> 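Structure below; questions to follow.
What you see is a predicted model; the values in this text were computed from it and never measured.
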Amino acid sequence: MLKRTNSPLVTIFGIFLIIALIFSCRDKNKNIPDVSDVEIDIKVERFEQDLFTLDTNDITAGIAAVNTKYPEFGPIYFNNLLGASDVRIAPEGPDAFIRGFITDQRIRKLYDTCQVVYNDFSELEAEFEQSMRFYKHYFPEKPTPQLLTFISEYFIGALIYGDDKLAVGLDFFLGSDYPYQDINPGNPNFSDYIIKAFNKDHLVSKTLQVLIDDIVGPPSGQRLLDFMVHNGKKKYILEQLIPYAPDSVVFEHSGAQMNWLKDNELDMWAFFVSEDYLYSTRQKDIRKYIEPSPDSPGMPTGAPGNTATFMGYKIVEAYMNSQSGLRLQDLVAKRDAQAILTESRYKPRRN
């Protein structure tokens, strides 16, 4: 477990980090609230370290100790993620299966790699803690999530469990140069346009996304507009929780792709309208515009995938700016995508 410290070195680092973040956001023209007085108690727990340092000669007692320390996450990890209680997966029983998992040479190598990359978690802990101050500012009625780290052999990147607790799979954030595609070449989750976000810069952002998914809920309908506004809501909320992060982290696009989106806002809107996609429910036609994808069919070279999500964000941004006093809770509660579009008075910007 990582413990918070009040050493002078950490204090000095924190001051310089805050100063750097403040100056980095000036060009964004954002009205970022002061959350310095928001009191939170963040604890980052390293589940994978406790698991992989068990005494395999006394695995039963070790597993029991892990489940005692992690009464909510332990059973989820062992039973749901690993399947150790499923006789079809673990016919020799859960204890023997878990021993085999943590002693497997490939998995041990994965664990060792994660420890090298994330031996020092202090910067990410500070980043997560800052995001939780904004979270508490915008959603004061909700409990402050804690953070836990684990590895699952590329099964899941992040999840929410218990009372809004967050768990992040470190094996999904080892860097875009990590040989994900060699591990499972046929897995679409390891495509180039997806693994570009499998790094430290995106760890906090992508972990927060599962929390935001839970807050926002499902789309209100199956039209492109419904998905567009739904995804736009999530990006808008994410931006408020990590306001110092660059747009490329929020939207998971490169800097060049973000410039393309901003330069072609009017043309993208005209495309969706002219192709009658805005109210289309044909998933085969609209999927690449609302999900990660290498490109957006029908748009010029340089257009990334998921362009409708960026448009949805612009609509939501216009909606939140259209009336004073709107809170993020009001945005979440507003389920009608057409009403949000109408009330936003959205007009795409011409560059």
> Can a donor-acceptor pair be found between the side chains of Glu239 and Tyr313 at a distance below 3.5 Å?
yes
> Please check this pair: side chain of Asn199 against backbone of Lys196, looking for a donor-acceptor N/O pair closer than 3.5 Å.
yes
> Please step through ring pair (Phe, Tyr, Trp, His ring centres under 6.0 Å) for the pair Phe97 and Phe78, ending with a clear verdict.
CA-CA 10 Å; Phe97 180 81; Phe78 293 130; 9.9 Å; no
> From Met268 CE over to Phe310 CZ, what is the distance, rounded to the nearest 0.5 angstrom?
5.5 Å
> Taking the six-membered ring of Tyr118, is NZ or CZ of Lys200 closer than 6.0 Å to its centre and within 45° of its axis?
yes
> Any donor-acceptor pair under 3.5 Å linking the side-chain atoms of Asp95 with those of Thr60?
yes
> Go through the structure and list residues passing side chain to side chain donor-acceptor pair (under 3.5 Å) with Asp295, not counting sequence neighbours.
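Result, side chain to side chain donor-acceptor pair (under 3.5 Å) vs Asp295: none returned.
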> Can you name the ring-ring contact (aromatic ring centres under 6.0 Å, His included) partners of Phe198, sequence neighbours left out?
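For Phe198, the residues satisfying ring-ring contact (aromatic ring centres under 6.0 Å, His included) (neighbours in sequence not counted) are Phe172, Tyr180.
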> With a 3.5 Å distance limit and no angle check, can you tell me whether Lys235 reaches the backbone of Val250 through a side-chain donor-acceptor pair?
yes
> Provide the full list of ring-ring contact (aromatic ring centres under 6.0 Å, His included) pairs with a residue in residues 201-230, sequence neighbours left out, each pair given once.
none
> Mind checking the OG1-CD1 spacing from Thr307 to Ile290? Nearest 0.5 Å is all I need.
10.5 Å
> Please check if any side-chain donor atom of Thr342 sits under 3.5 Å from a side-chain acceptor atom of Gln338, or the reverse.
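There is such a pair (donor and acceptor under 3.5 Å, judged by atom type) between the side chains of Thr342 and Gln338.
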> If the threshold is 4.0 Å, N to carboxylate O, is there a salt bridge linking Glu129 and Arg133?
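So Glu129 pairs with Arg133 through a salt bridge.
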> How would you list, by chain and number, every residue that makes a salt bridge (charged side-chain N to carboxylate O under 4.0 Å, His left out) with Glu275, sequence neighbours excluded?
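Testing Glu275 for salt bridge (charged side-chain N to carboxylate O under 4.0 Å, His left out), a comparison that skips the adjacent residues, returns none.
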> As a quick check of understanding, evaluate salt bridge (charged side-chain N to carboxylate O under 4.0 Å, His left out) for Asp112 and Lys109, giving each step before the final call.
CA-CA 5 Å; Asp112 291 341; Lys109 182 178 180 181; over 6 Å; no
> Any donor and acceptor pair, going by atom type alone, linking the side chain of Ser293 with main-chain N or O of Asn306 inside 3.5 Å?
no
> My understanding is that only residues two or more places apart in sequence, or in another chain, count here; which of them pass side chain to side chain donor-acceptor pair (under 3.5 Å) with Arg106?
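Scan of Arg106 (side chain to side chain donor-acceptor pair (under 3.5 Å), adjacent residues dropped) gives Glu153.
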> Measure from the side-chain N and O atoms of Tyr77 to the backbone N and O of Ile151, and report whether any donor-acceptor pair falls under 3.5 Å.
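Here the side-chain-to-backbone pair exists.
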> State, with a plain yes or no, whether a side-chain heavy atom of Trp269 is found less than 4.5 Å away from one of Asn264.
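Sidechains of Asn264 and Trp269: no contact.
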> Does one side chain, of Arg46 or Thr149, offer a donor that lies under 3.5 Å from an acceptor on the other?
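On atom types as modelled, these side chains qualify, holding a pair under 3.5 Å.
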> Charged N to carboxylate O below 4.0 Å: is that the case for Asp226 and Arg223?
yes
> Determine whether the side chains of Thr56 and Thr103 contain a donor N or O and an acceptor N or O closer than 3.5 Å.
no
> Decide, yes or no, whether a salt bridge links Asp50 with Lys69 under the criterion of side-chain N to carboxylate O below 4.0 Å.
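Salt bridge: yes.
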> Mind checking the CD-CD1 spacing from Gln146 to Ile40? Nearest 0.5 Å is all I need.
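One gets 8.5 Å once the value is rounded to the nearest 0.5 Å.
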> Do the side chain of Asn187 and the main chain of Asn184 share a donor and acceptor less than 3.5 angstrom apart?
no
> May I ask you to decide whether Lys206 forms a salt bridge with Glu252, counting only side-chain N to carboxylate O separations under 4.0 Å?
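Judged by the 4.0 Å cut-off on N to carboxylate O distance, Lys206 and Glu252 do form a salt bridge.
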> Per the ring pair (Phe, Tyr, Trp, His ring centres under 6.0 Å) rule, which among Tyr111, Tyr161, Phe73 passes with Phe150?
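Of the listed options, the one satisfying the test is Phe73.
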> State the CD1-CG distance between Ile195 and Asp177, to the nearest 0.5 angstrom.
8.5 Å
> Which residues pass the side chain to side chain donor-acceptor pair (under 3.5 Å) test with Glu343, sequence neighbours left out?
Lys334
> Regarding Gln181 and Asp192, is there a side-chain donor-to-acceptor distance under 3.5 Å anywhere?
yes
> Give a yes or no on whether the backbone of Val216 and the side-chain of Lys234 come within a donor-acceptor separation of less than 3.5 Å.
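Checked: no pair found.
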